[in-house]
Visitor: 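Here it is, the structure in full.
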There are 2 protein chains.
Amino acid sequence: MEIIEHLAVSQLFKGLPNVHLEGLASISIKKSYQKDESIFFEGRESTGFFIVISGRIKIYKISPEGKEQILHFFGPGEPFGEAPAFTGDPFPAYAEAIEDTDVIFLPKNEFVSLIKKDPSLALNMLVILSHRLQKFTNIIENLSLKEVPGRLAAYIIYSGGNENDASEFSLDISKGQLASLLGTIPETLSRILTKMVKQGLIDSDGRRFIKILDRKGLEELAEGKRRLG
Amino acid sequence: MEIIEHLAVSQLFKGLPNVHLEGLASISIKKSYQKDESIFFEGRESTGFFIVISGRIKIYKISPEGKEQILHFFGPGEPFGEAPAFTGDPFPAYAEAIEDTDVIFLPKNEFVSLIKKDPSLALNMLVILSHRLQKFTNIIENLSLKEVPGRLAAYIIYSGGNENDASEFSLDISKGQLASLLGTIPETLSRILTKMVKQGLIDSDGRRFIKILDRKGLEELAEGKRRLG
DNA sequence: CGTGCGCTTGACTTTTTTCAATAAAGGTGG
DNA sequence: CCACCTTTATTGAAAAAAGTCAAGCGCACG
């Protein structure tokens with residue numbers, strides 16, 4: 001598959017006319033990373049940004065004690081690392097492939113030149129960045145206003161889809177990673193999951209399978225109207 | 001002072017040629033809010049965004065139990081509420097004036113039309129949004145990776161400026177608001193502040209005056225290398 | 001078939017919140 | 001200018017939540 005085709009289906013560039021896609025393709029560089037390989041480091045100078053072609057990556061921070069907080073997961077079609085490319089600041093976090101991953105790299109300077117010529121491209125980027133901001137707003141809300149059971153409940157509800165039926169799903173990340181995403185540690189996550197099963201809120205095979213049994217109860221947890229005890 | 005002059009000195013539009021400023025001014029609406037007056041509400045439809053002329057506002061979320069998490073403070077020259085204007089999503093948080101405040105309101109549709117004609121305007125917005133994203137990255141890091149003493153230490157160091165001398169300053173917000181900004185409650189903040197004074201890290205008059213006595217100690221706290229006990 | 005990594009569980013410690021009472025500060029009206 | 005009232009800040013004691021440390025289990029993979 002050609003780079004230009006990947007660009008054409010990416011969040012950032014979908015809907016752009018072919019002329020612009022060609023311009024973008026001409027500055028694009030394809031790169032590959034293996035599972036667990038680093039893509040960029042916190043503090044490093046940004047020279048451009050990325051779009052995932054295939055595979056998955058995570059963006060995360062690490063505390064001095066070694067605790068990891070995941071900020072994002074990104075998969076095919078999603079761009080990452082765009083913000084520092086515009087501010088000129090160094091990367092504010094780490095990026096690492098969590099599967100074998102192919103990406104397109106867009107060098108900063110060339111990209112800014114293109115954007116200066118094309119408002120619609122810029123508008124797309126504005127929408128994307130605004131969405132990221134929304135997402136962060138939610139993460140912050142969760143971290144500061146909810147206890148861990150509430151965060152987990154919110155995650156489960158979100159992952160289970162909105163339907164009342166079909167409320168079964170499989171975690172697409174490991175429990176350790178989920179703990180980090182929720183701003184906690186695996187032990188705490190494990191205990192809470194156990195309590196949820198005991199209280200009949202969910203069913204679980206102990207592995208990645210989860211079935212929602214009491215959606216209303218989960219919602220109450222997420223809204224802080226209920227405790228796990 | 002004319003609207004166009006305010007626009008010319010705002011973060012978002014500074015450096016723009018006069019033609020564009022005039023276009024912006026022609027769609028701008030000036031509004032005033034009193035201290036503690038609401039500007040927008042979480043969940044409401046966004047019809048445009050704002051730039052502070054004078055005064056100050058806060059953006060915050062509220063949990064079902066009534067706990068407040070402040071996301072931003074914005075003062076003169078700073079835009080707010082831009083993100084939902086691009087995504088079309090409703091406001092993700094509340095905005096409220098914390099002083100008597102004048103703002104410029106820019107209606108969404110008119111603004112998007114302007115941007116479509118002017119890439120440089122869009123580029124400025126990209127930089128601003130990217131910076132916001134960076135700021136959120138830090139907030140998330142602080143909330144999830146640091147204990148409250150660490151967050152407070154980081155806040156004090158930041159507020160005290162980088163110089164080794166002149167390390168005195170006055171909090172520009174109430175302690176209750178500071179607690180919310182740090183993702184905690186006033187009682188906890190008060191206790192930690194007391195400990196910091198007792199341990200000789202800072203001096204305080206019990207009101208808003210704070211003097212940094214042991215910058216290195218504060219840095220160790222912020223980095224999790226030290227406990228307050 | 002053993003080794004390893006991810007996950008779970010238990011006991012214990014630390015941190016933060018809750019609840020309640022008090023104190024101090026700021027603003028208002030007489 | 002002072003008394004009063006409301007808001008904001010502090011303090012203590014107790015409870016709750018989350019994290020640490022350590023041990024053990026089980027499934028996957030070589």
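Being a predicted model, the structure only gives us computed values, none of them experimental. Chain naming here is simple, since letters A, B, ... match the order of the sequence lines and numbering starts at 1 in each.
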Visitor: Output all residues satisfying side-chain hydrogen bond (donor to acceptor under 3.5 Å, both in side chains) with B:Thr137, sequence neighbours left out; order by chain, then residue number.
Guide: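 B:Thr137: no side-chain hydrogen bond (donor to acceptor under 3.5 Å, both in side chains) contacts found.
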
Visitor: For B:Glu2, is the CD atom crowded, meaning more than 12 foreign heavy atoms sit under 6.0 Å from it?
Guide: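 For B:Glu2, atom CD is not crowded (no more than 12 foreign heavy atoms under 6.0 Å).
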
Visitor: Please round to 10 degrees the angle between the axis of the first five pairs and the axis of the last five pairs in the helix from C:dC1-D:dG30 to C:dG30-D:dC1.
Guide: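 Both end axes considered, the difference amounts to 40°.
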
Visitor: In terms of the nearest nucleotide of DNA chain C, which residue is placed more toward the 5' end: A:Lys175 or B:Glu187?
Guide: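 Final value for this comparison: A:Lys175.
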
Visitor: Just verifying a value: how many Å separate A:Ile192 CD1 and A:Leu182 CG, rounded to the nearest 0.5 Å?
Guide: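 A:Ile192 atom CD1 to A:Leu182 atom CG measures 8.5 Å (nearest 0.5 Å).
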
Visitor: Measuring only between side-chain heavy atoms, which start at C-beta, is B:Ser204 closer than 4.5 Å to B:Leu193?
Guide: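 No, too far: nothing below the 4.5 Å cut-off.
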
Visitor: Restricting to pairs with a member in residues 35-47 of chain A, which pass side-chain hydrogen bond (donor to acceptor under 3.5 Å, both in side chains), not counting sequence neighbours?
Guide: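 Only A:Glu42-A:Lys61 qualify under side-chain hydrogen bond (donor to acceptor under 3.5 Å, both in side chains).
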
Visitor: Report the distance from atom CZ of A:Phe50 to atom CD1 of A:Ile57, rounding to the nearest 0.5 Å.
Guide: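 Interatomic distance, A:Phe50 CZ to A:Ile57 CD1, rounded to 0.5 Å: 9.0 Å.
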
Visitor: Cut-off 3.5 Å, no hydrogens considered: what does the side-chain donor-acceptor table look like for residues 194-203 of chain A, sequence neighbours left out?
Guide:
from: A:Thr194; atom 1: OG1; to: A:Ser190; atom 2: O; distance (Å): 2.9
from: A:Gln199; atom 1: NE2; to: A:Leu228; atom 2: O; distance (Å): 2.6

Visitor: Please find the earliest and latest nucleotides of DNA chain C, in the 5' to 3' direction, that have an atom within less than 4.0 Å of any heavy atom of chain B.
Guide: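 On DNA chain C, the outermost contacted nucleotides are C:dT15 to C:dG26.
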
Visitor: Would you say that A:Ile173 contacts A:Lys58 through its side chain, given a criterion of any heavy-atom pair below 4.5 Å between the two side chains?
Guide: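 Sidechains of A:Lys58 and A:Ile173: no contact.
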
Visitor: Measuring only between side-chain heavy atoms, which start at C-beta, is B:Leu12 closer than 4.5 Å to B:Phe49?
Guide: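 Side chain of B:Leu12 against side chain of B:Phe49, heavy atoms only: contact under 4.5 Å found.
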
Visitor: Judged by each residue's nearest nucleotide on DNA chain C, which is more toward the 5′ side, B:Arg227 or B:Ile185?
Guide: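 Per heavy-atom nearest nucleotide, the more 5' residue is B:Arg227.
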
Visitor: Filter on side-chain hydrogen bond (donor to acceptor under 3.5 Å, both in side chains), then keep only pairs touching residues 217-229 of chain B, sequence neighbours left out; what's left?
Guide: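 Qualifying pairs: B:Glu223-B:Lys225.
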
Visitor: List in numerical order all residues of residues 142-153 of chain A for which some heavy atom is under 4.0 Å away from an atom belonging to DNA chain C.
Guide: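 Residues of residues 142-153 of chain A that come under 4.0 Å of DNA chain C do not exist, since none gets that close.
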
Visitor: With A:Ile29, which residues qualify under side-chain contact (heavy atoms from CB on, under 4.5 Å), at least two apart?
Guide: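 So A:Ile29 forms a side-chain contact (heavy atoms from CB on, under 4.5 Å) with A:Lys31, A:Phe105, A:Pro107.
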
Visitor: Give me the residues of residues 190-205 of chain A where at least one heavy atom lies under 4.0 Å from an atom of DNA chain D, by number, or none.
Guide: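 Residues of residues 190-205 of chain A under 4.0 Å from DNA chain D: A:Arg191.
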
Visitor: Which residues satisfy the side-chain contact (heavy atoms from CB on, under 4.5 Å) test with B:Ala95, sequence neighbours excluded?
Guide: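 For B:Ala95, the residues satisfying side-chain contact (heavy atoms from CB on, under 4.5 Å) (neighbours in sequence not counted) are B:Ile39, B:Phe40, B:Ile59, B:Phe80.
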
Visitor: Nearest 0.5 Å please: distance from the OG atom of B:Ser130 over to the CE atom of B:Met125.
Guide: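 Here the interatomic distance stands at 10.5 Å.
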
Visitor: Kindly give the heavy-atom pair with the smallest separation between A:Arg215 and A:Ile157, and that separation in Å.
Guide: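 In terms of heavy atoms, the two residues are closest at NH2-O, 4.1 Å.
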
Visitor: Which is the 5'-most and which the 3'-most nucleotide of DNA chain D that has an atom under 4.0 Å from a heavy atom of chain A?
Guide: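 Span of nucleotides near chain A: D:dA17 to D:dC21.
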
Visitor: Enumerate the ring-ring contact (aromatic ring centres under 6.0 Å, His included) contacts for residues 127-153 of chain A, please, sequence neighbours excluded, ordered by first and then second residue.
Guide: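 As it turns out, the ring-ring contact (aromatic ring centres under 6.0 Å, His included) pairs with a partner in residues 127-153 of chain A, which skip direct neighbours, are A:His72-A:Phe136.
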
Visitor: Students often get this wrong, so: under 4.0 angstrom with heavy atoms, is B:Ser174 touching a base, only sugar-phosphate, or nothing?
Guide: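 Here B:Ser174 touches the backbone only, sparing every base.
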
